[in-house]
Each structure stands twice: as C-alpha cells, then as structure tokens.
Amino acid sequence: MPVVEAPPPPVVKLSGVAIDSKDGKDDRTAILNTPSGLVFAHQGDDVAGTYKVGKITEDAVELLRADGSVLLLR
C-alpha cells in the first residue's frame, strides 16, 4: 500500500503587530503574510484554514492548530 503524505501546512509569517490603545486598554492586531496575501487578525480568528490566533504580544503571535500544538511566530 503506498504511503500518502499530507500536504504541508500553509506558510504563515508574522509581518507585524498593530496596537491601538483605547481607554487604557491595548487592542492588538496580528499582521500575517499568508499564501493568499496579508491577513489582519485578532485573537480567536481563523487563519489560512489551519490555525486559530491565540495570544498576541507586542512582538509575537501564537497560532493554535486543531491538534493542540502551537506555532509561535516572531
């Protein structure tokens, strides 16, 4: 029986993090470069059909996979 490998996950890179301060609270937006172009994402958003955005800090973004693993972008 031939072995069929799953296609690699889409390549996602962190282009930056935008921070908008309102009433003393920071609202962070991850700027991600995906195969389909730039994506502006907030915590909880789905990205590239494979990931969900986790924590966004000033210089990093956690992307959560369905299997529970985490991809940390810096």
Side-chain angles (χ1 to χ4, degrees):
M1 176 182 284
V3 176
V4 178
E5 293 186 31
V11 176
V12 178
K13 296 181 181 178
L14 179 62
S15 292
V17 175
I19 302 172
D20 186 22
S21 295
K22 292 182 183 176
D23 300 324
K25 185 176 179 186
D26 288 342
D27 179 30
R28 292 187 172 105
T29 302
I31 305 168
L32 304 170
N33 191 344
T34 71
S36 57
L38 284 180
V39 172
F40 297 87
H42 293 92
Q43 188 172 0
D45 288 352
D46 290 322
V47 175
T50 306
Y51 304 101
K52 184 173 287 264
V53 178
K55 186 176 180 181
I56 302 172
T57 65
E58 290 182 11
D59 63 351
V61 175
E62 292 179 346
L63 296 182
L64 312 173
R65 294 184 183 108
D67 67 3
S69 62
V70 177
L71 174 63
L72 182 63
L73 302 177
R74 292 186 177 266

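Keep in mind it's a predicted model, so treat the numbers as computed, not measured.
- Linking ILVMFWY side-chain heavy atoms closer than 4.5 Å, directly or via other members, places Ile56 and Val47 in a single hydrophobic cluster.
- With rounding to the nearest 0.5 angstrom, the CG atom of Leu63 is 8.5 Å from the CG atom of Leu14.
- Proximity of a side-chain donor or acceptor of Thr34 to a complementary backbone N or O of Gly37 within less than 3.5 Å is detected.
- Applying the salt bridge (Lys or Arg N to Asp or Glu O under 4.0 Å) test between Lys52 and each of Asp67, Asp46, Asp45 identifies Asp46 as the sole match.
- Listed for the Thr50 side chain is a donor-acceptor partner under 3.5 Å among the backbone atoms of Ala48.
- How far CD of Glu58 is from CG of Asp26: 7.0 Å, rounded to the nearest 0.5 Å.
- Of all the heavy atoms in Ala60 and Arg74, the pair that sits closest is CB-CG, 4.0 Å.
- No single ILVMFWY cluster, assembled from side-chain heavy atoms under 4.5 Å apart, contains both Tyr51 and Ile31.
- Rounded to the nearest 0.5 angstrom, Leu73 CG and Leu71 CG are separated by 4.5 Å.
- Considering all non-hydrogen atoms of both residues, Thr29 and His42 come closest at OG1-NE2, 2.9 Å.
- The distance from atom CZ of Arg28 to atom CG of Asp20, rounded to the nearest 0.5 Å, is 11.5 Å.
- Here the CG atom belonging to Leu38 is positioned 8.5 Å from the CG atom belonging to Leu32, to the nearest 0.5 angstrom.
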